[in-house]
Every structure is written in C-alpha cells, then in structure tokens.
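Everything on this sheet refers to the single structure shown next.
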Amino acid sequence: MNYWLMKSEPDAFSYDDLVRKGKAEWDGVRNHAAQGHMRAMRRGDLSIFYHSNIGVEAVGIMEIVEEAAPDSTDDSGKWIAVHVAPRERLAKPVTLKAMKADSALSNMVMLRQSRLSVAPLTKAEFDHILAMSKA
DNA sequence: GCCAACGTTGGC
DNA sequence: GCCAACGTTGGC
C-alpha cells in the first residue's frame, strides 16, 4: 500500500466535486515526474486531496480505484490518468502553513518541490497529516 | 499582481 | 548538447 498527495485548484475541481461525482478521472497531468507517480499507483492506494491556490490546505482522503490508463483529455496518446474516489473528508483541513511548520514533515516531497502536482507520501507522513486533522 | 521555481522550446 | 528565453505553476 502506497500513499500520495494530489493537488487540484478547487475552483476547477474540489473535494466537494469529487464527493458529488463519486468517482473521477484524475486527468490533465502534464508533468513527467507527476506522471511517473501516477503510473506507480495501485488500486487501493490512498491519497491526500490538496486544494492549491484557494485554501492551500489538505482537505480529504481519496482512494485510487483504477490504475493508469490513457488520459481521456489527451489526443496525443502520451499521457495517462488514474481514477479516484472519495474516502473521507478531514475533520479539519491541514494548511500548508501548518505542514511547513511541522518538523515531522520536513522531508515531504511536496514541500520540497512545491510545483509537483502528484507527490508520494511516506506512511508516517500520511498518518501524521491525519493526526493533525484531528488535533 | 508579483515573483520564485522549474519545465520546455529553439537557436547555435 | 548547451543555454537563454519564455511559459506555467503555485504561494503570498
């Protein structure tokens, strides 16, 4: 089981939108590092849903329900997407500021490379963010 | 709206 | 293959 963090701008696609749809293709990723992470995802992996630009915080947990397949928004055939489903909303969002301030997360890939829209998390990091959301 | 980080493009 | 120019992302 692997853990991930995926970003979306909530005015384009929010956690509420995902809850409403029940399941969604995580499409439009056009960065090779992020694509590599999506190819490594397996059914049942869990991912933090993070709102970039607006809110700037982790808001929910989702599950990878379908592994990498051609991105339906890509005509070139080069890019892949996964499918995700909502699992649970965080009791309290965990802000970027709080994550940056927490030494337990100092090696988090997303904090070190802020532009990466799909990033891996260790189990410890994932569990720590969940604990912060309940504190 | 600004700017830093970083990916991509194109000239050489 | 290098590197400058440019575009995009994302935080502030």
Side-chain angles (χ1 to χ4, degrees):
Chain A
M1 153 93 72
N2 287 304
Y3 300 90
W4 309 96
L5 181 145
M6 300 166 93
K7 293 183 185 178
S8 178
E9 299 186 19
D11 55 353
F13 188 74
S14 69
Y15 192 73
D16 282 344
D17 292 330
L18 179 60
V19 169
R20 212 169 293 128
K21 291 187 75 173
K23 173 181 166 182
E25 180 183 36
W26 200 268
D27 56 29
V29 175
R30 298 290 183 269
N31 169 283
H32 291 290
Q35 284 271 304
H37 294 314
M38 290 208 298
R39 286 182 191 280
M41 290 179 180
R42 293 296 168 255
R43 186 186 296 264
D45 284 358
L46 296 179
S47 176
I48 298 282
F49 192 123
Y50 174 87
H51 281 173
S52 60
N53 278 318
I54 299 169
V56 193
E57 59 196 7
V59 294
I61 301 167
M62 54 189 176
E63 180 177 341
I64 309 307
V65 293
E66 286 180 34
E67 296 176 10
D71 183 331
S72 69
T73 67
D74 168 38
D75 294 331
S76 74
K78 290 179 189 166
W79 304 101
I80 55 89
V82 297
H83 281 71
V84 296
R87 259 244 180 147
E88 72 183 83
R89 192 184 306 273
L90 297 184
K92 279 190 304 181
V94 179
T95 63
L96 178 65
K97 189 178 173 191
M99 290 190 271
K100 279 183 174 171
D102 197 312
S103 60
L105 301 178
S106 58
N107 288 318
M108 222 173 101
V109 172
M110 189 274 277
L111 296 182
R112 300 196 154 212
Q113 234 191 303
S114 67
R115 285 184 53 191
L116 190 59
S117 65
V118 179
L121 291 175
T122 65
K123 175 163 173 38
E125 289 164 348
F126 181 86
D127 289 344
H128 193 78
I129 292 169
L130 286 207
M132 291 169 79
S133 76
K134 291 167 184 164

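Chain A is the first sequence line, chain B the second, and so forth, proteins listed ahead of strands; every chain is numbered from 1.
Checking Asp16(A) against Ser14(A) by side-chain atom types alone, no donor-acceptor pair falls below 3.5 Å. There is a side-chain donor-acceptor pair under 3.5 Å between Arg112(A) and Asn107(A).
We find that CG of Asn31(A) is positioned 13 Å from C1' of dG10(C), with the value rounded to whole Å. dG10(C) atom C1' lies 12 Å from atom CG of Asp11(A), rounded to whole Å. Between the CG atom of Leu5(A) and the P atom of dG10(C) there is a distance of 11 Å, given to the nearest Å. Taking atom CD of Glu57(A) as the reference point, atom P of dG10(C) lies 16 Å away to the nearest angstrom. dA5(B) atom C1' lies 15 Å from atom CG of Leu111(A), rounded to whole Å. Going from atom NZ of Lys78(A) over to atom C1' of dT8(B) covers 12 Å, rounded to whole Å. At whole-Å resolution of the value, CZ in Arg30(A) and P in dG7(B) are 17 Å apart. Note: CZ (Arg115(A)) to P (dT8(B)) measures 9 Å, nearest angstrom.
In terms of heavy atoms, Ala58(A) sits closest to Leu90(A) at O-CD1, 3.4 Å.
OP1 and OP2 of dT9(C) both lie 4.0 Å or more from every side-chain N or O belonging to Tyr50(A). An OP1 or OP2 oxygen of dG7(B) is reached within less than 4.0 angstrom by a side-chain nitrogen or oxygen of Gln113(A).
The side chain of His32(A) approaches dT8(B) more closely than any other nucleotide in the set dG10(C), dT8(B), dC12(C).
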Run the ring-ring contact (aromatic ring centres under 6.0 Å, His included) check on Trp26(A) and Phe49(A) step by step: do they pass? CA-CA 11 Å; Trp26(A) 200 268; Phe49(A) 192 123; 5.3 Å; yes

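In this structure, Lys100(A) reaches the sugar-phosphate backbone alone: every heavy-atom distance under 4.0 Å involves primed, P, OP1 or OP2 atoms, never a base.
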